[in-house]
Amino acid sequence: NAVVFVAVTFAGLVRLWVGEPVSVRRPLHFNYTEAHPSTVAALGGAKRRGRPVPAGRTARVSLVLIMPKSDYNRRIGVFQVTAEAIAPNGDTITTSSQPCMLRFRSLPVRLMRTCLMGIPLLMGICTESQKVTMEVLRYKETGRRTEAIRVRLKPRAGTTDLPQLYAAEIFMTSQLPWGKELVYNWKWSFYVWTSLYMYIMLLISIAG
Ligand SMILES: *[C@@H]1O[C@H](CO)[C@@H](O)[C@H](O)[C@H]1NC(C)=O
C-alpha cells in the first residue's frame with residue numbers, strides 16, 4: 001500500500017512538473033465582404049489563467065482549409081495566407097505570410113478518380129473537397145501572451161479572386177521543452193518502470 005501511495009504521489013508530482021501540452025482548436029469564419037477576408041480567432045479562456053501557451057514554450061499554429069476542388073479554385077491557383085499572433089493590447093507579436101493552393105491533379109487523374117469513386121461520390125461517402133493543412137506560425141511565447149490569431153486571405157498579384165472555402169480552422173499547440181516532452185510521451189512506461197524500481201528497492205530494503 002505504501003508502494004501504491006508513493007507511486008500515485010510520484011505520478012502526480014511528475015504530472016504537475018510536466019504540465020499538459022496545450023492544443024486549441026478554433027473554427028475560423030472569414031469575412032468575405034472585405035477585399036482581403038480576415039478573421040480573428042480568440043484564444044482567451046482556452047486554458048487556466050487565461051493563457052493558452054505558457055511563457056517560454058514554443059507555440060505552433062496550423063491552418064486547416066477545406067476547399068472544394070472546383071474549377072473556380074483550380075483557376076485561382078495560388079493565393080496568399082497571412083497569419084498574425086496578437087497580444088492583448090492589439091500589438092502584433094509575430095506575423096507570417098505564405099502562399100497556398102489546392103494540390104494539383106491533372107485532368108486524367110481527376111477523370112480516373114471520378115470513374116473509380118463514382119458510386120461512393122454519389123452516395124456522399126467521399127467528397128470532392130480537399131483539406132489543406134499548413135503551419136502558419138511557430139514562435140516562442142514570451143511575457144506577452146497571445147490573445148488571438150488573425151488570419152487573412154489575399155489574392156495573388158493582379159487578381160481580385162479569392163478561393164472558395166467550405167470551412168477553416170486553426171489548431172494551436174505548444175511544444176513542451178524536450179525533457180518534459182520525452183517524459184510526457186513515455187509517461188506510462190515511465191510511471192510503470194519507476195514504480196517497479198521503487199517496489200524492488202523497497203523489497204530489497206525489507207529483505208536486507
Ligand atoms: C465584415 O467586414 C465589413 C467591411 O469591413 C464590416 O462592415 C462588417 O462589420 C464585417 N462583419 C463581421 C461579422 O465582422
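Remember, it's 1-based here, ligands and their atoms both numbered in the order they're listed. Computed from a prediction, not measured in an experiment: that's the story for all the values here. These numbers come from the heavy atoms of this one structure, side chains and all, not from hydrogens, waters or symmetry mates.
F30 and M134 fall within a single hydrophobic cluster, where Ile, Leu, Val, Met, Phe, Trp and Tyr side chains are chained together by heavy-atom contacts under 4.5 Å. Hydrophobic cluster membership differs between M101 and L63, with clusters built from Ile, Leu, Val, Met, Phe, Trp and Tyr side chains linked at under 4.5 angstrom.
At a heavy-atom cutoff of 4.0 Å, ligand 1 is surrounded by N31, T33, E34.
Grouped by direct or indirect side-chain proximity (heavy atoms under 4.5 Å, Ile/Leu/Val/Met/Phe/Trp/Tyr only), V40 sits alone.
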| CA sep, side-chain torsions, deciding dist, call: V151, V61, side-chain contact (heavy atoms from CB on, under 4.5 Å) | CA-CA 11 Å; V151 183; V61 182; over 6 Å; no
| task | Take E141 and S174 through the test side-chain contact (heavy atoms from CB on, under 4.5 Å) and record every step on the way to the result. | result | CA-CA 9 Å; E141 182 91 352; S174 85; over 6 Å; no
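A salt bridge does not link K69 with E128: none of the charged nitrogens is closer than 4.0 Å to a carboxylate oxygen.
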